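Since this is a predicted model, take the numbers as computed values, not measurements. Within every chain, numbering begins at 1; the chains are lettered A, B, ... in the order of the sequence lines, protein sequences first and strands thereafter.
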Amino acid sequence: MSKLWLNAATFHPVHTFENGQCFRWHREGDAFIGVIDEAVVCVTRAEDGSGYWAEVVLGSLTEMRLKAYFDEATDYGVIMSTLRERDEWLQKAIDFGGGLRLLQQDPFEMLLSFIISSNNNIPKIRMSIEDLCQKYGRLLGNYDGKDYYAFPTLEKLANLDEEAFAVKAVGYRAKALYRTVRKLSDEAIDLDMPMQMALEDGVLWLRQFYGVGEKVAHCISLFGYHQTDAYPIDTWVKQLLTTLYGVEANANAYKAFIETYFVTYRGYAQQVLFYYMRSHYSKSKT
DNA sequence: TTTCAGGTGGTGC
DNA sequence: GCACCACCTGAA
């Protein structure tokens, strides 16, 4: 069984799993349990607090894939100290959300997950994805009294009619899931293609799918293809740009500011600021 | 019971 | 090329 050590200096499970980039992790007491590809992984804190163990508890996953998923090859010490020197907001955001990792998730899963995410909120997105996995994903087994399912394969989903995509809380997005799956299957599209593309080409390529606009394409690029220059502009990013950085409230100004101001480690900067903003300025928390 | 959150696609100018 | 609105549903 694969097992990976994650140093507490550069990894924090809450800041990593609860910042909106992934939908298949949850807390179980002191542990975090999630599904990666065809495996269930449990993350627990070491007794001395110096780090965490990520251990495959069901299914199989290579150590190489586990390392890649947690972005182990990236030097977070350098990235965070560089960003911290940039300005006081990044400093505050990193003080708050240190240990946030940019996970390298599966492109197909990200494509469908972020189609579901449009005009939607996280609890509902999770509900839809869990229902989709339970209905059409492979049962990986039972761990600690709970059944876990893999994300469904394209082959499985390609055999379904549109009504079958009407999973819990998904609403009108069922049509977009269906059309995307149909296109992928009918045209035998290779989802690895964006890996060879520059960010802007990849974004354009991803937008060929119904339900994928600019924002969703950037999310898929960032979380599914590890394009660390991607910059999803959602309501929270708009809010942080206008309130923290004094950017004018229009789409061109947002884009221009991000491209010129966040030059190095853009995706990492975006994610820590987004997490900071969500945690501090959310209406439900006041 | 009503209001709110939340991107994309389509329409109309 | 821009502004507007419909789309849906759980949570508050």
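A:Leu177 places its CG atom 14 Å from the P atom of B:dT8, with the value rounded to the nearest Å. Look at CD1 on A:Ile233: it is 12 Å from P on B:dG7, rounded to the nearest Å. Atoms CD1 (A:Ile125) and P (C:dC8) sit 17 Å apart, rounded to a whole Å. If you measure from atom NZ of A:Lys175 to atom P of B:dG9, you get 10 Å, rounded to the nearest angstrom. One atom, CG of A:Asn121, and another, P of B:dT3, lie 19 Å apart when rounded to the nearest Å. Separating the NZ atom of A:Lys215 from the C1' atom of B:dT8 is a distance of 11 Å, rounded to the nearest angstrom. The CD1 atom of A:Ile122 sits 15 Å away from the P atom of B:dA5 (whole-angstrom rounding). As rounded to whole Å, 9 Å separates atom P of C:dC2 from atom CG of A:Asn250.
Ring geometry, A:Phe11 versus A:Phe17: the interplanar angle exceeds 60°, so the pair is classed perpendicular (tilted spans 30 to 60°). Under the 30°/60° scheme for interplanar angles, the aromatic rings of A:Tyr231 and A:His218 are found to be tilted. Between A:Tyr76 and A:Tyr268, the angle of the ring planes goes over 60°, which puts this pair in the perpendicular group of the 30/60° scheme.
Taking 4.0 angstrom as the limit, A:Trp236 places none of its side-chain polar atoms (N or O) nearer than this to OP1 or OP2 of B:dA5. Note on A:Ser118: every side-chain N or O is 4.0 Å or more away from OP1 and OP2 of B:dT8.
Using a 4.0 Å heavy-atom cutoff across all strands shown, A:Val212 reaches sugar-phosphate atoms only and no base atom. Here A:Lys124 lies in heavy-atom contact (under 4.0 Å) with a base. Residue A:Phe209 is classed as a sugar-phosphate contact, given heavy-atom separations below 4.0 Å to backbone atoms only.
The A:Tyr210 side chain lies nearest to B:dG9 when the options are B:dG9, C:dC8, B:dG7.
Between A:Asn252 and A:Tyr172, the one whose closest nucleotide on DNA chain C sits nearer the 5' end is A:Asn252. Toward the 5′ end of DNA chain C lies the nearest nucleotide of A:Asn119, the other residue of the pair A:Asn119 and A:Met127 mapping further downstream.
A salt bridge does not link A:Glu63 with A:Lys3: every distance from a Lys NZ or Arg NE/NH1/NH2 to an Asp or Glu carboxylate oxygen is 4.0 Å or more.
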* Would you please test A:Tyr261 and A:Tyr245 for ring-ring contact (aromatic ring centres under 6.0 Å, His included) and show each step? => CA-CA 10 Å; A:Tyr261 186 79; A:Tyr245 290 95; 5.5 Å; yes
